Amino acid sequence: MNLPRIHLIATGGTIAGVADDRASTTRYQAGSLAGHALLEAIPEVHGFARITISQPFNLDSKDLGPGHWLQLARDVAEALVDPACDAVVVTHGTDTLEESAFLLDRLFAPGKPVVLTCAMRPASAHSADGPLNLLHAVQVAASGVTRQTGVVAVINEQIHAASRLHKRHTRALDAFEGGDSVIGWSDPPSLDLGPETPARLPGLLSSLSELPRVDVLWVGAGSEPDLMASSISHGARAIVLCLPGNGSLPAVWLDAVKKALARDVIVVRSSRTGAGRVTPQPGDGPMLFASGRLTPPQARIALMLALAGQLAPAHFF
Ligand code: SIN
């Protein structure tokens with residue numbers, strides 16, 4: 001299989017940390033496991049990339065300094081110029097990740113992906129976060145989605161811009177959360193670079209005489225799907241479902257959605273959470289799709305304009 005070739009540079013940190021017992025998340029030795037041991041915990045990684053490993057040091061990142069940074073940068077540079085390397089992944093401690101990440105981001109032009117990752121829980125802990133972080137870092141690097149963004153860090157399912165990375169919590173699993181560094185998500189690897197601007201249609205107004213009915217239905221656990229039939233019988237040509245989580249359709253609503261689609265009523269999956277993008281799911285199609293970054297009220301207006309202008313809804317979503 002012609003998988004991307006990734007060079008993993010392991011430098012230590014909690015991601016390579018080991019404690020005496022599996023419950024310990026604060027008493028452990030950072031930088032205990034070598035890079036190959038980190039990979040052994042995620043055999044699936046070999047389905048995404050062919051990996052080579054180097055280990056310039058294996059340290060708690062509080063003990064790094066300019067000499068280590070230059071060594072790391074030189075190792076990254078060496079891998080990037082190697083025609084047999086498509087991307088670089090670096091495992092690192094969280095405590096000074098932002099220093100190394102910023103330095104690398106300043107030193108390398110965007111191009112081959114450079115993806116750092118880390119962990120808040122030692123590798124020995126139950127529910128250690130390192131294995132998934134590393135797997136996602138490899139997936140992001142292999143996907144190439146960050147080719148134009150510069151150096152990134154993949155942490156807790158999010159892609160952070162190295163230029164804005166900031167550890168903000170001493171202990172929480174989402175220790176890098178809360179700033180403005182998140183530029184995407186790791187599963188599937190995708191960028192989320194701020195609100196999209198849905199298409200503008202300056203010529204449309206003159207042809208509009210009225211806007212069709214589009215309803216928004218708020219769906220709670222146990223909500224009755226017969227609301228769909230009621231909307232349609234009152235003339236709704238499209239329905240925005242304001243759903244739990246990532247626009248997740250409860251099983252009991254499936255039949256009602258199928259009936260709506262069979263009557264050429266468009267159905268959009270939006271979220272009642274108030275933040276984040278609703279992502280496409282298997283089973284979506286041209287008449288049933290995710291609202292993306294649009295809020296339920298915005299999705300409703302977009303559908304009204306699309307229907308009135310006889311435009312494919314893809315114009316707006
Ligand atoms: C370190 O920064 O090496 C230890 C702490 C951590 O990785 O979370």
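As the structure is a computational prediction, the values presented were derived from the model and not from experiment. Whatever order the structure lists them in is the order used to number ligands and atoms, beginning at 1.
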Enquirer: Could you check whether His68 and Phe57 have their ring centres less than 6.0 Å apart?
Expert: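 Yes; His68 has its ring centre under 6.0 Å from that of Phe57.
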
Enquirer: Main chain of Leu241, side chain of Trp253: is a donor-acceptor contact present, judged purely on distance under 3.5 Å?
Expert: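 Not confirmed, Trp253 side chain does not pair with Leu241 backbone.
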
Enquirer: Using a 4.0 Å cut-off to any heavy atom of Asp95, which atoms of ligand 1 qualify?
Expert: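 Per the distance check, 2 (O), 4 (C), 5 (C).
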
Enquirer: Which heavy atom of the protein is the closest neighbour of atom 3 (O) of ligand 1, given with residue, atom name and distance?
Expert: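 For atom 3 (O) of ligand 1, the nearest protein heavy atom comes out as Ser61 N, 2.6 Å.
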
Enquirer: Does only the side chain of Ala119 get under 4.0 Å from ligand 1, or the backbone, or both, or neither? Count heavy atoms.
Expert: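 Just the backbone.
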
Enquirer: Would one find more than 12 heavy atoms of other residues, nucleotides or ligands at under 6.0 Å from atom CD of Glu44?
Expert: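 Enclosed: over 12 neighbouring heavy atoms sit under 6.0 Å from CD of Glu44.
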
Enquirer: Report the nearest protein non-hydrogen atom to atom 8 (O) of ligand 1: residue, atom name, distance rounded to 0.1 Å.
Expert: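 Nearest neighbour among protein heavy atoms for atom 8 (O) of ligand 1, to 0.1 Å: Thr94 OG1, 2.5 Å.
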
Enquirer: How about CD on Gln298, more than 12 heavy atoms from neighbouring residues, nucleotides or ligands closer than 6.0 Å, or not?
Expert: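 Yes, enclosed.
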
Enquirer: Please give me the minimum heavy-atom distance between Pro113 and Arg147, naming the atom from each residue.
Expert: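 Looking at all heavy atoms of both residues, the closest pair is CD-NH1, 4.1 Å.
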
Enquirer: Which is closest to atom 6 (C) of ligand 1 in terms of heavy atoms, Thr96, Asp60, Thr14?
Expert: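 Selected option, by shortest heavy-atom distance: Thr14.
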
